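Structure record follows, encoded as structure tokens.
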Amino acid sequence: MRYSKTFIPTLRDDPADAEITSHKLMVRAGLLRKAASGVYTWMPIGLRVLRKVENIVREEMDNAGCLELLMPALQPAELWKQSDRWFAYGEEMMRLVDRHQREFCLGPTHEELITSIAKEIHSYKDLPKCFYQIQAKYRDEIRPRFGVMRSREFIMKDAYSFHATQESLDETYQLMQKAYARIVERCGLSYRVVKAAGGLIGGAVSEEFMVLADAGEDVVVHCENCGYAANLETASSKWHASGENEAREARKKVHTPNKSSINDLAQFLDIPKTSVVKTLIYKTGDSTVAALVPGSKEINPHKLASALGVGEVSLFSKEDFEKRPDIIQGFVGPIGLMNAKIVADNSLRSLSNFVVGANEVDHHFVNVNTESDFSADVWADLVFAEEGEACIDCDHGQLEGVRGIEVGHIFQLGTKYSSKMDAKYVDDAGREQLFIMGCYGIGVSRMVAAAIEQRNDERGIIWPKAIAPFDIHLMNLTKDEAGLKAADEIYNQLLDKNEVLYDDRLLSPGIKFTDADLLGLPVQIIVGKKFAEKKMVEIKIRETQKRYDVEVDKLSDWLTALDEN
RNA sequence: CGGGAUGUGGCUCAGCUUGGUAGAGCGCAGCGUUCGGGACGCUGAGGCCGCCGGUUCAAAUCCGGCCAUCCCGACCA
């Protein structure tokens with residue numbers, strides 16, 4: 001492609017509304033333009049990158065035996081009402097009404113639609129089946145952010161598998177896991193696979209593919225020793241509460257004037273923060289939940305929600321406390337608490353003689369012990385794992401935290417959707433059975449941003465070859481006939497084996513160099529003054545900035561050698 | 001939705017405190033000189049100062065409302 005014939009509007013300044021590197025570079029290099037918050041145009045050169053990622057994904061899905069189809073983005077409300085997600089999805093769903101007042105949404109995901117299609121699989125003999133599509137998804141994010149990293153319209157590859165048995169699902173799940181690993185590797189990115197929370201999609205087994213980058217919105221907790229890795233939302237650790245093995249003493253109520261914070265209270269009573277147990281009041285639906293965790297640890301609301309088997313919990317607000325005058329903010333405790341489910345962190349089992357609120361202004365109980373003083377309705381791991389704590393799997397490795405960008409997520413769904421939507425096949429005994437399902441998503445547009453986030457320098461983007469918009473950036477710096485002709489010839493030759501961007505513009509060299517580094521194609525070939533003198537061109541490797549002078553005749557050998565290592 | 005900030009040619013911004021002629025750099029067009037890391041000179045085009053209303057002889061500037069955009073939190077590919 002001749003530069004003069006394409007359209008790559010590059011910018012000198014960072015756009016004012018971009019915060020992170022990948023977003024700034026995507027706009028500056030002319031890949032992306034904003035239409036509205038979280039809604040973007042993929043410019044010609046950006047689209048080339050997107051298509052390359054799509055094609056890698058497509059190849060790997062096809063190799064894994066998946067079938068590509070294309071479902072509509074526009075979906076009728078009825079389907080979503082069958083699965084109850086018309087309500088559960090809430091504000092995040094883009095909804096619209098047609099001229100006949102029929103309700104629709106723009107699909108945030110396609111479990112319902114694909115399940116309705118899968119109903120045409122009637123026999124176990126036709127299982128398993130895995131379908132996928134690459135298509136725009138719509139989610140009315142509370143806060144779109146960071147360009148296409150978190151946008152409201154984005155390109156996703158979503159796949160859905162249907163099975164007769166759990167074993168079959170396991171097999172496909174493993175296959176998809178391998179395919180996903182290959183996709184991220186082929187895109188040239190370093191990543192980690194982590195245990196994940198199911199979220200709104202649901203399901204018991206779920207893993208995320210995280211591209212490692214400081215600008216990532218997620219924190220990956222991992223163990224260098226055994227390779228354990230999990231999203232901070234679900235990560236667990238081994239840590240020890242103090243006060244184990246102490247002789248249990250009798251509970252006592254003490255006066256603690258204005259000491260409602262953990263810090264103040266620990267100081268006032270002269271005890272470690274681990275011995276103060278905080279009681280946090282949450283609501284979920286109409287019910288009230290009291291969550292007990294050691295004062296030194298942060299509660300993880302995701303874990304609380306899954307311990308309760310609900311989608312979401314929210315902390316009591318001022319208004320909630322006003323409605324429950326029996327719950328006294330700052331002095332809440334499990335003893336004598338009415339009409340609230342008590343969920344306690346597992347660590348409290350090995351903690352004795354701790355402190356809790358007395359449900360009375362300015363009072364706490366000391367020397368509290370589980371079993372003798374109160375009992376929990378649910379025991380669970382409720383706290384965030386922290387850096388430096390011992391690994392839950394191997395016991396002796398230390399946990400570390402790194403930031404990552406979630407580019408893929410795979411789930412085992414079980415019969416969650418097939419049961420709601422009554423999707424069945426007939427088994428070998430002639431009986432109807434619900435499909436067992438899995439689903440597998442890759443953020444294709446996000447992958448592009450993640451790649452830039454991981455690979456850039458102060459000059460611009462450094463594309464991995466597999467997803468670069470072109471392979472070679474050829475530029476002609478000469479103005480004389482001979483140089484022009486030579487550059488044209490080199491361009492035509494290179495086209496046989498490469499995708500070439502040929503900067504044929506009549507501009508000063510500085511502009512061409514700067515644009516080339518900003519665009520970040522892996523290899524630059526420069527036809528300049530050495531051509532007139534010695535019939536030589538210069539090859540520059542974008543990543544290393546290293547330059548090599550090469551005779552024109554040897555150019556193709558050189559490029560072949562470059563490809564091979 | 002809560003907290004913070006911003007809106008002025010295509011882009012990045014100044015001007016607003018103290019009301020009175022709309023500015024700079026870059027980009028764009030033309031001419032000339034340059035030509036290996038965003039060259040230079042001259043000339044020129046381009047702006048309902050986010051929108052609506054108010055105050056005033058007079059509003060980019062002061063006041064009110066709305067809208068849009070960005071950042072921090074809950075959401076997630």
Side-chain angles (χ1 to χ4, degrees), chain A residues 9-20 23-24 27-28 30 33-39 53 57 89-93 108-110 134-159 180 196-201 206 208-211 216-218 231 233 301-302 305 311-315 317-318 405-411 439-450 459-460 475-480 483 506-518 524 526-532 538 540 545 547:
Chain A
T10 57
L11 299 174
R12 186 191 290 254
D13 300 305
D14 283 336
D17 55 8
E19 185 75 9
I20 62 169
H23 186 195
K24 287 177 184 168
V27 176
R28 281 188 55 207
R33 288 294 185 263
K34 183 169 69 185
S37 177
V39 184
V53 176
V57 170
Y89 230 102
E91 300 274 280
E92 205 174 311
M93 187 182 265
T109 176
H110 282 70
I134 297 172
Q135 182 228 33
K137 293 281 181 285
Y138 298 85
R139 293 183 190 172
D140 195 359
E141 294 285 346
I142 304 167
R143 184 150 85 90
R145 222 183 328 194
F146 302 154
V148 294
M149 198 77 93
R150 171 168 309 286
S151 52
R152 296 192 294 173
E153 177 182 289
F154 60 98
I155 306 296
M156 177 157 123
K157 185 286 300 179
D158 45 329
Y180 271 43
L200 259 182
I201 312 285
S206 141
E208 290 167 330
F209 285 72
M210 294 285 191
V211 167
E217 296 182 90
D218 289 278
N231 192 310
E233 287 176 7
H302 302 282
E312 182 169 63
V313 293
S314 55
L315 206 54
S317 64
K318 219 176 243 170
I405 299 161
E406 182 191 352
V407 295
H409 200 158
I410 57 179
F411 304 78
C439 79
Y440 320 90
I442 286 184
V444 176
S445 40
R446 182 181 280 181
M447 184 92 85
V448 177
R459 293 169 181 276
M475 70 190 97
N476 173 32
L477 303 185
T478 65
K479 292 274 155 70
D480 58 286
L506 299 170
L507 293 173
S508 68
I511 295 175
K512 294 187 172 186
F513 285 131
T514 312
D515 274 343
D517 287 344
L518 178 60
Q524 296 173 16
I526 302 151
V527 180
K529 59 189 175 195
K530 284 175 196 133
F531 177 77
E538 190 174 309
K540 186 180 123 180
Q545 297 284 114
R547 296 148 185 282

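As the structure is a prediction and not an experimental result, all values here were calculated from the model. Letters A, B, ... are given to chains in the order of the sequence lines, protein chains preceding strands, and every chain is numbered from 1.
Checked by distance alone, R150(A) brings a side-chain donor or acceptor within 3.5 Å of a matching partner on the base of C76(B).
Across the P atoms, C1(B) and G65(B) are found 16 Å apart, a figure rounded to whole Å. The same atom, P, is picked in C71(B) and in C52(B); the two are 28 Å apart, to the nearest Å. Spacing of P atoms, C26(B) relative to C42(B), comes out at 12 Å, to the nearest Å. Atom P of C72(B) sits at a distance of 43 Å from the matching atom of G30(B), rounded to the whole Å.
With a cut-off of 3.5 Å on both Watson-Crick or G-U wobble distances, the partner of C31(B) is given as G41(B). Remark: U6(B) base-pairs with A68(B); criterion is Watson-Crick or G-U wobble with both hydrogen-bond distances under 3.5 Å.
When rounded to the nearest whole Å, the span between CD of E153(A) and P of A77(B) equals 17 Å. Rounded to whole angstrom, the span from the CZ atom of R145(A) across to the P atom of U69(B) amounts to 16 Å. In this structure, L315(A) atom CG and C75(B) atom P are separated by 13 Å, rounded to whole Å. Atom CE in M93(A) sits roughly 14 Å away from atom C1' in C76(B) (whole-Å rounding). If you take CG of D14(A) and C1' of U6(B), they are 17 Å apart, rounded to a whole angstrom. Remark: P of U69(B) and NZ of K24(A) are 20 Å apart, rounded to the nearest angstrom.
Within 4.0 Å of H302(A), counting heavy atoms only, lie sugar-phosphate atoms of the nucleic acid but no base atom. At a threshold of 4.0 angstrom between heavy atoms, the contacts of E19(A) are confined to the sugar-phosphate backbone, with no base atom among them. Across all strands shown, F146(A) has heavy atoms under 4.0 Å from sugar-phosphate atoms exclusively, and none from any base. Contact annotation for I142(A): base contact, defined as any heavy-atom pair under 4.0 Å involving a base atom. Within 4.0 Å (heavy atoms only), P9(A) reaches no atom of the nucleic acid at all. In this structure, K157(A) reaches neither bases nor backbone, as no heavy-atom distance under 4.0 Å exists between it and the strands shown. G408(A) comes within 4.0 angstrom of the backbone, heavy atoms only, and of no base.
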Q) For R150(A) and R143(A), what are the C-alpha separation, side-chain angles and deciding distance, and is it a side chain to side chain contact (heavy atoms under 4.5 Å, CB included)? A) CA-CA 8 Å; R150(A) 171 168 309 286; R143(A) 184 150 85 90; 5.9 Å; no
So D517(A) and K540(A), side chain to side chain contact (heavy atoms under 4.5 Å, CB included) or not? Walk me through it. CA-CA 10 Å; D517(A) 287 344; K540(A) 186 180 123 180; 2.8 Å; yes
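Checking U69(B), C76(B), C13(B) against every side-chain atom of A16(A), the shortest atom distance belongs to C13(B). With C70(B), C71(B), C75(B) as the choices, the nucleotide that has an atom nearest any side-chain atom of R143(A) turns out to be C71(B). The nucleotide whose nearest atom lies closest to any side-chain atom of F411(A) is, among C72(B), C70(B), A77(B), A77(B). Distance from the side chain of E92(A) is smallest for C76(B) among the nucleotides C72(B), C76(B), A77(B).
Looking only at side-chain heavy atoms (C-beta outward), K529(A) and L477(A) stay at 4.5 Å or farther from each other.
Of the possible polar contacts, one joining the R139(A) side chain to the P108(A) backbone as a donor-acceptor pair under 3.5 Å is found. A side-chain donor-acceptor contact under 3.5 Å links R152(A) to the backbone of S37(A). Looking only at distances, a side-chain donor or acceptor of Y180(A) sits under 3.5 Å from a matching main-chain atom of Y440(A).
Neither side chain, Q135(A) nor D158(A), offers a donor N or O lying under 3.5 Å from an acceptor on the other.
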Counting primed atoms, P, OP1 and OP2 as sugar-phosphate and everything else as base, the B/S/- map of nucleotides 32-39 of chain B against protein heavy atoms under 4.0 Å is ---BBBBS
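Checked against I155(A) for a side chain to side chain contact (heavy atoms under 4.5 Å, CB included), the options V444(A), I442(A), V148(A), V53(A) give a single hit: V444(A).
Nucleotides of RNA chain B nearest to V407(A) and R152(A) differ in position, and the one nearer the 5' end is that of R152(A).
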